[in-house]
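Just dropping this structure here.
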Amino acid sequence: MNKFFIIYTITIFALLSCNKNDISSSIKEEQDIISTNYSFVNIEFIINEYYEEKDVIKQNSPITIYNNSGITQTYTFYPQKNISEVSTFYSSDTRAFSFIDGQQYIKIPVTMFEDGTLIYDDGIRWAYTKEQKLRPILDSYNTITIKPNHILKLTASFHLKVINTEYKLHLIGVEFGEKTAVNGLWSGVFLQSYEIDYTVEPYETK
């Protein structure tokens, strides 16, 4: 009886030990299945209490042009050369810009309807990166005539839309196909319109 009990006990311990090793091995294999590279799946802009749209007016530094040439001249003001549109992504996750920084063009929101639906751009201008500045797509300019011995003084006001929101970047592992996501904050600044104010006045030459 005692001999049987000892053999039975040894067998049970042996089985438990094997199962424990199998479980440990399985956990280790799961932990080892982590890709070293990830590819882009999509990006999700989230509407919640942190979503914000606001209008901002920015004025450029005054422009002063003297015409002391003795002949009439013209000055052309190009608004797109005096202001930038900006897209900024921020995340504390170290993976946020490790795999697709600047390599993936995305659609970004440009406004939101009253029903909470986001409206996106065409997805060919902006890349997923920490900060990107671009000139506005604007076919507009102002040409001003300056007579001899006159001075042009010009200021421009740019009406900008600022959007702040959270985002979630969805990635998939290249080697093993595991899915993961990165959370962060995004801010966009876009030109809506502009105005110029100028005077052309004579000035005395010495």
Side-chain angles (χ1 to χ4, degrees), residues 43 45-47 50-92 96-97 100-114 116-167 169 184-206:
I43 189 167
F45 293 92
I46 303 169
I47 300 176
Y50 300 108
Y51 184 90
E52 176 187 35
E53 277 192 25
K54 60 183 178 180
D55 296 321
V56 175
I57 297 178
K58 181 179 180 181
Q59 288 190 328
N60 71 328
S61 300
I63 297 172
T64 303
I65 306 291
Y66 289 89
N67 180 8
N68 53 11
S69 65
I71 60 174
T72 299
Q73 294 184 340
T74 59
Y75 171 77
T76 301
F77 176 78
Y78 295 94
Q80 61 270 32
K81 294 183 178 180
N82 290 269
I83 196 72
S84 293
E85 296 181 325
V86 187
S87 170
T88 306
F89 287 90
Y90 168 79
S91 177
S92 59
F97 306 100
I100 62 168
D101 186 15
Q103 303 169 6
Q104 179 68 47
Y105 284 88
I106 59 172
K107 292 184 178 182
I108 60 175
V110 293
T111 191
M112 182 176 66
F113 282 150
E114 292 182 358
T117 303
L118 288 175
I119 304 302
Y120 295 85
D121 74 342
D122 54 17
I124 62 174
R125 297 186 69 215
W126 301 97
Y128 176 78
T129 189
K130 292 181 180 180
E131 183 178 72
Q132 183 180 6
K133 294 183 179 181
L134 295 175
R135 296 298 185 191
I137 300 177
L138 185 66
D139 186 18
S140 180
Y141 59 88
N142 304 89
T143 300
I144 302 167
T145 300
I146 312 173
K147 295 180 179 180
N149 300 324
H150 279 63
I151 179 175
L152 165 67
K153 296 181 179 180
L154 182 149
T155 57
S157 299
F158 299 95
H159 297 257
L160 307 172
K161 174 174 285 186
V162 179
I163 302 176
N164 298 308
T165 190
E166 293 186 16
Y167 76 92
L169 175 69
L185 301 173
W186 173 78
S187 177
V189 180
F190 308 105
L191 177 65
Q192 303 298 297
S193 62
Y194 78 97
E195 301 171 351
I196 63 168
D197 184 24
Y198 70 91
T199 59
V200 179
E201 299 175 342
Y203 73 94
E204 294 183 1
T205 59
K206 296 182 180 180

Practice task
Return the minimal non-hydrogen interatomic distance between Ile47 and Gly116, and the atom names on each side.
Solution key: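 Smallest heavy-atom distance, with atoms named: CD1-O, 2.8 Å.
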Problem - Residues, nucleotides or ligands: over 12 heavy atoms within 6.0 Å of Tyr75 OH - result: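 Yes, OH of Tyr75 has more than 12 neighbouring heavy atoms, counting only those of other groups under 6.0 Å.
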Problem - Thr111 side chain near Phe190 side chain, heavy-atom distance below 4.5 Å - result: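 Not touching, per the 4.5 Å side-chain cut-off.
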Practice task
Calculate, to the nearest 0.5 Å, the distance between atoms CD and OH belonging to Glu166 and Tyr90 respectively.
Solution key: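 Going from CD on Glu166 over to OH on Tyr90, the span is 12.5 Å.
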Handout entry: Partner of Asn142 under side chain to side chain donor-acceptor pair (under 3.5 Å), chosen from Tyr194, Tyr78, Tyr198
Key =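 Passing option: Tyr194.
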Handout entry: Residues that Thr64 engages under side chain to side chain donor-acceptor pair (under 3.5 Å), provided they are two or more places apart
Key =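 For Thr64, no residue satisfies side chain to side chain donor-acceptor pair (under 3.5 Å) once neighbours in sequence are set aside.
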Practice task
Work out which heavy atom in Tyr203 is nearest to a heavy atom in Ile151; give both atom names and the distance.
Solution key: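 Scanning both residues completely, I find the closest heavy atoms to be CD2-N, 3.8 Å.
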Exercise for the section: Any chance you could lay out the side chain to side chain contact (heavy atoms under 4.5 Å, CB included) test for Ile146 and Tyr66, step after step, and finish with the verdict? Expected result: CA-CA 8 Å; Ile146 312 173; Tyr66 289 89; over 6 Å; no
Handout entry: Side-chain heavy atoms of Thr165 within contact of Leu118, under 4.5 Å
Key =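 Side-chain contact under 4.5 Å: no.
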Handout entry: From Gln192 atom CD to Lys161 atom NZ, the distance as rounded to the nearest 0.5 Å
Key =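 The NZ atom of Lys161 is 5.0 Å from CD of Gln192, to the nearest 0.5 Å.
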Handout entry: For the student: nearest non-hydrogen atoms of Ser84 and Lys133, plus distance
Key =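 Closest pair (atom of Ser84, atom of Lys133, distance): CB-CB, 4.4 Å.
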Exercise for the section: Take the angle between the ring planes of Tyr167 and Tyr128 and call it parallel below 30°, perpendicular above 60°, tilted in between. Expected result: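 Rings of Tyr167 and Tyr128: perpendicular, as their planes differ by over 60°.
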Problem - Heavy-atom side-chain contact between Glu131 and Ser87 under 4.5 Å - result: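 Not in contact.
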Exercise for the section: Check whether any side-chain heavy atom of Tyr120 lies under 4.5 Å from a side-chain heavy atom of Ile106, and answer yes or no. Expected result: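 With C-beta onward as the side chain, the pair stays apart.
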Handout entry: Minimum-distance pair of heavy atoms, taken over all atoms of Gly102 and Thr129
Key =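 Gly102 and Thr129 have their closest heavy atoms at N-CB, 3.9 Å.
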Practice task
Report, as yes or no, whether the 6.0 Å neighbourhood of atom NZ on Lys107 holds more than 12 heavy atoms from other residues, nucleotides or ligands.
Solution key: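 Open.
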Problem - Closest approach of Leu160 to Lys58 (non-hydrogen atoms, all atoms of both residues) - result: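 Here Leu160 and Lys58 meet closest at CD1-CB, 4.1 Å.
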Problem - salt bridge (charged side-chain N to carboxylate O under 4.0 Å, His left out) contacts touching residues 65-89 (sequence neighbours left out) - result: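 Every pair satisfying salt bridge (charged side-chain N to carboxylate O under 4.0 Å, His left out) with a residue in residues 65-89: Glu85-Arg125.
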Exercise for the section: Kindly indicate whether the side chain of Val56, heavy atoms from C-beta on, has any atom under 4.5 Å from the side chain of Val189. Expected result: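 In short, these two side chains do not touch, never coming nearer than 4.5 Å.
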Handout entry: Any donor-acceptor pair under 3.5 Å from Asp197 side chain to Thr155 backbone
Key =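 No, the answer is negative, given that no donor and acceptor are paired below the 3.5 Å cut-off.
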Problem - Side-chain (Asp55) to main-chain (Ile57) donor-acceptor, under 3.5 angstrom - result: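 No; zero donor-acceptor contacts below 3.5 Å.
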Problem - Reported CG-to-CD1 distance for the pair Asn82 and Ile63, which is rounded to 0.5 angstrom - result: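 So the gap between those two atoms works out to 5.0 Å.
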Handout entry: Check: Ile108 and Trp186 side chains under 4.5 Å, non-hydrogen atoms
Key =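 Contact flag for Trp186/Ile108 side chains = yes.
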Exercise for the section: Nearest 0.5 Å please: distance from the CG atom of Leu154 over to the OG atom of Ser61. Expected result: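 Between atom CG of Leu154 and atom OG of Ser61 there are 12.0 Å.
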Handout entry: Min side-chain heavy-atom separation Phe113-Ile119 under 4.5 Å
Key =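 Contact flag for Phe113/Ile119 side chains = yes.
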Exercise for the section: Determine whether Leu152 and Phe77 make a side-chain contact, defined as any pair of heavy atoms from C-beta on separated by less than 4.5 Å. Expected result: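 Contact flag for Leu152/Phe77 side chains = no.
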Handout entry: Closest non-hydrogen atom pair between Thr145 and Thr74, with its separation
Key =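 Heavy-atom minimum between the residues: OG1-CG2, 4.1 Å.
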Practice task
May I ask you to decide if the ring planes of Phe45 and Phe89 are parallel, tilted or perpendicular, using 30° and 60° as cut-offs?
Solution key: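 Phe45 vs Phe89 ring planes: tilted.
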Problem - Gap between atom NE2 of His150 and atom CD1 of Ile144 - 0.5 Å precision - result: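 The distance works out to 13.5 Å.
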Problem - Residue that, paired with Asn164, satisfies side chain to side chain donor-acceptor pair (under 3.5 Å) out of Glu53, Glu52, Lys54 - result: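 Looking at Glu53, Glu52, Lys54, the match for Asn164 under the side chain to side chain donor-acceptor pair (under 3.5 Å) is Glu52.
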Exercise for the section: Calculate, to the nearest 0.5 Å, the distance between atoms CD1 and OH belonging to Ile196 and Tyr141 respectively. Expected result: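 Between Ile196 CD1 and Tyr141 OH, I get 13.0 Å after rounding to 0.5 Å.
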